[in-house]
Amino acid sequence: LCRSYIYYLTVEVLGPNFHRLVQALDSVKTVDDLLELHEGFLDRCMKESLITDPSTGLYKSWSKVLSTCVLFVRNMQRFDQNCQDVQF
């Protein structure tokens, strides 16, 4: 699931939107134009990534995965610290 989603996100969402952003940079005349262009890029990426779509439930699922990863790292840090404190 993770690999498929990362592939989708990279190839189907970020790649084409970034290419569109780079092409549109030629028409930028002011900083405001640049900021507007970048904001549109970010909005499209967020919408197309399906993370913010409540019907997919991806935000909740990814939040759980990331929380689990953070918990694992914290436990590993504690484990490492405890191992360093033990003298053989």
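None of these values were measured; they are calculated from a predicted model. The first residue in the sequence is number 1, and the count goes up from there.
Applying the side-chain hydrogen bond (donor to acceptor under 3.5 Å, both in side chains) criterion to Gln81, with sequence neighbours excluded, gives Asp85.
Under a hydrophobic clustering in which Ile, Leu, Val, Met, Phe, Trp and Tyr are joined whenever their side-chain heavy atoms come within less than 4.5 Å, directly or via other members, Trp62 and Val13 fall into the same cluster.
In the hydrophobic clustering, Tyr7 connects to Val11, either directly or through intervening members, whenever side-chain heavy atoms lie under 4.5 Å apart. Taking Ile, Leu, Val, Met, Phe, Trp and Tyr as hydrophobic and joining them when side-chain heavy atoms fall under 4.5 Å apart, one finds Leu42 in a cluster with Phe18, Leu21, Val22, Leu25, Val28, Leu34, Leu37, Phe41.
Evaluated for a side chain to side chain donor-acceptor pair (under 3.5 Å) with Asp80, the options Arg78, Gln84, Gln77 yield exactly one hit, Gln84.
Taking each heavy atom of Glu48 and Glu12 in turn, the nearest pair found is OE1-O, 4.2 Å.
Atom-to-atom distance recorded for Glu36:CD and Thr30:OG1 is 8.5 Å, nearest 0.5 angstrom. Distance check, rounded to the nearest 0.5 Å: CG of Leu71 to NZ of Lys64 gives 14.5 Å. In this structure, CG on Leu66 lies 11.0 Å from OG on Ser61, to the nearest 0.5 angstrom. The structure places CG of Asn17 at 4.0 Å from SG of Cys45, a figure rounded to the nearest 0.5 Å.
Between the side chain of Tyr8 and the backbone N or O of Arg3, no donor-acceptor pair lies under 3.5 Å.
Taking 4.5 Å as the limit, some side-chain heavy atom of Tyr5 sits within range of a side-chain heavy atom of Ile51.
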